[in-house]
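Hydrogens, waters and symmetry mates are skipped; everything else that's a heavy atom, side chains included, is used. Numbering of ligands and ligand atoms starts at 1, following listing order.
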Amino acid sequence: MTLSEIYSLLWADYVAITPSARRIHRLMEDRGERIVNDHVALRTFNLEPIGLESIAAPFRARGYLESGVYDFPEKKLRAKSFAHPGRGVPYLFISELKVEEFSPDFRRIVGELVDQVPQKAIGTVELFTQRPAWRPIRYRDYETLLRESQYAGWLAAFALRINHCTVSVNYLSTFGGIQPLNDWLIEQGFPMNTAGGLVKGSPETLLEQSSILADRIEWEFAEGERREVPSCYYEFARRYEDPETGGLYDGFFAPSANKIFESTDSAAQ
Ligand code: NI
């Protein structure tokens with residue numbers, strides 16, 4: 001499967017549970033914009049066979065090169081970013097939760113999920129394209145995870161899939177920057193992530209980012225129990241020229257990413 005085929009499948013899966021992303025996409029196209037995806041974010045647990053490196057392997061095999069390593073001690077996460085030499089191929093941001101830093105109950109629940117990952121999908125993109133990687137989690141287990149990590153709750157409920165896609169502000173022609181774009185999104189009625197300010201980062205950090213809060217959708221948990229929970233969100237990123245390379249900055253700024261993670265927090269909504 002080519003990268004473009006993989007991303008089409010992942011995009012369809014993502015917008016199916018993120019109606020706001022589809023709506024924003026359409027509203028922008030109505031203004032005459034052509035939307036370029038800056039980056040795709042994937043989340044995982046640091047347990048084999050789905051640790052960060054295992055998830056990254058099929059993407060490395062398709063030409064992605066590591067462009068940065070990040071640590072989020074407060075959220076018990078680490079991450080790597082990847083860039084692809086091909087034109088118009090999105091950056092990839094893969095994070096993993098350090099499961100060993102959580103309570104025994106938490107580790108047991110997560111272990112039961114990871115044990116279900118189909119053997120034949122291990123090390124392939126089928127982990128993402130032939131979902132879900134595990135059966136629906138019990139709602140009370142979801143709540144147990146949420147108490148210790150919002151990230152874990154999201155990942156347990158939605159399994160391996162795109163957490164968010166990102167509109168590249170560099171390629172937009174009708175907005176004039178990330179701030180006017182945010183104003184427009186607010187006018188259109190999209191609730192924004194304001195953790196650490198509406199715009200995270202600055203021209204000095206070479207990357208400015210903002211995001212809407214995750215959509216809330218009705219989702220099915222174990223035994224057919226349906227609950228309304230935060231799903232995925234859409235992000236917006238503007239990159240600046242990196243004086244070291246003369247090209248656009250290809251990494252991420254950890255303090256901003258730290259706040260962007262909170263777009264799926266249920267408490268933020
Ligand atoms: Ni992002």
Side-chain angles (χ1 to χ4, degrees), residues 3 6-7 10-11 13-15 17-18 20-22 24-25 28 35-44 52 55-56 59 64 66-72 74-75 77-84 88-97 128 149-152 154-155 158 160-172 178-179 181-182 185 190-203 205-215 230-240 242 248-265 268:
L3 277 175
I6 294 166
Y7 284 131
L10 295 185
W11 170 261
D13 208 30
Y14 162 74
V15 291
I17 61 163
T18 320
S20 290
R22 196 193 287 275
I24 291 169
H25 203 89
M28 285 184 163
I35 296 149
V36 173
N37 195 358
D38 178 85
H39 67 270
V40 167
L42 305 177
R43 293 180 171 186
T44 192
L52 197 166
I55 296 294
F59 291 96
Y64 272 98
E66 204 172 301
S67 63
V69 181
Y70 316 88
D71 196 28
F72 306 94
E74 182 195 312
K75 292 192 169 62
L77 291 168
R78 73 168 72 82
K80 282 187 175 181
S81 61
F82 299 86
H84 195 284
V89 183
Y91 298 103
L92 189 59
F93 186 85
I94 309 180
S95 56
E96 67 175 1
L97 191 71
F128 290 87
S149 162
Q150 294 277 335
Y151 178 107
W154 182 90
L155 178 54
F158 291 100
L160 300 173
R161 65 190 310 148
I162 286 186
N163 172 261
H164 63 269
C165 290
T166 311
V167 174
S168 168
V169 177
N170 296 65
Y171 289 89
L172 298 179
I178 199 159
Q179 190 54 60
L181 167 63
N182 288 334
L185 289 162
F190 294 101
M192 305 294 291
N193 172 339
T194 55
L198 203 51
V199 177
K200 286 94 174 136
S202 65
T205 67
L206 307 180
L207 177 63
E208 291 176 313
Q209 292 166 275
S210 66
S211 67
I212 60 166
L213 287 176
D215 280 327
S231 58
C232 304
Y233 58 93
Y234 213 7
E235 190 187 310
F236 312 89
R238 176 170 182 186
R239 293 180 183 275
Y240 289 85
D242 183 346
L248 282 185
Y249 177 61
D250 65 3
F252 289 82
F253 183 57
S256 301
N258 189 45
K259 296 298 180 192
I260 292 276
F261 278 123
E262 293 172 22
S263 306
T264 52
D265 284 10

### Query
Is the distance between the ring centroids of F252 and F93 under 6.0 Å?
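Here the rings of F93 and F252 have centres that are less than 6.0 Å from each other.
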### Task
Over all heavy atoms of both residues, which pair between K200 and L198 is shortest? Give the atoms and the distance, please.
NZ-O, 3.6 Å
### Query
Closest approach of L52 and I94, non-hydrogen atoms and distance?
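L52 and I94 have their closest heavy atoms at CD1-O, 3.6 Å.
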### Task
Apply side chain to side chain contact (heavy atoms under 4.5 Å, CB included) to F128 and D13, showing your working.
CA-CA 9 Å; F128 290 87; D13 208 30; over 6 Å; no
### Task
Please say whether the positively charged group of R43, taken as NZ for Lys or CZ for Arg, lies over the ring of F158, i.e. under 6.0 angstrom from the six-membered ring centre and within 45 degrees of the axis.
no
### Query
Once the angle between the rings of W11 and Y234 is folded into 0 to 90°, is it parallel (under 30°), tilted (30 to 60°) or perpendicular (over 60°)?
tilted
### Task
Could you pull out the N/O/S protein atoms under 2.8 Å of the Ni ion (ligand 1), ignoring any water?
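Protein N/O/S atoms under 2.8 Å of the Ni ion (ligand 1): H39 NE2, H164 NE2, E235 OE1.
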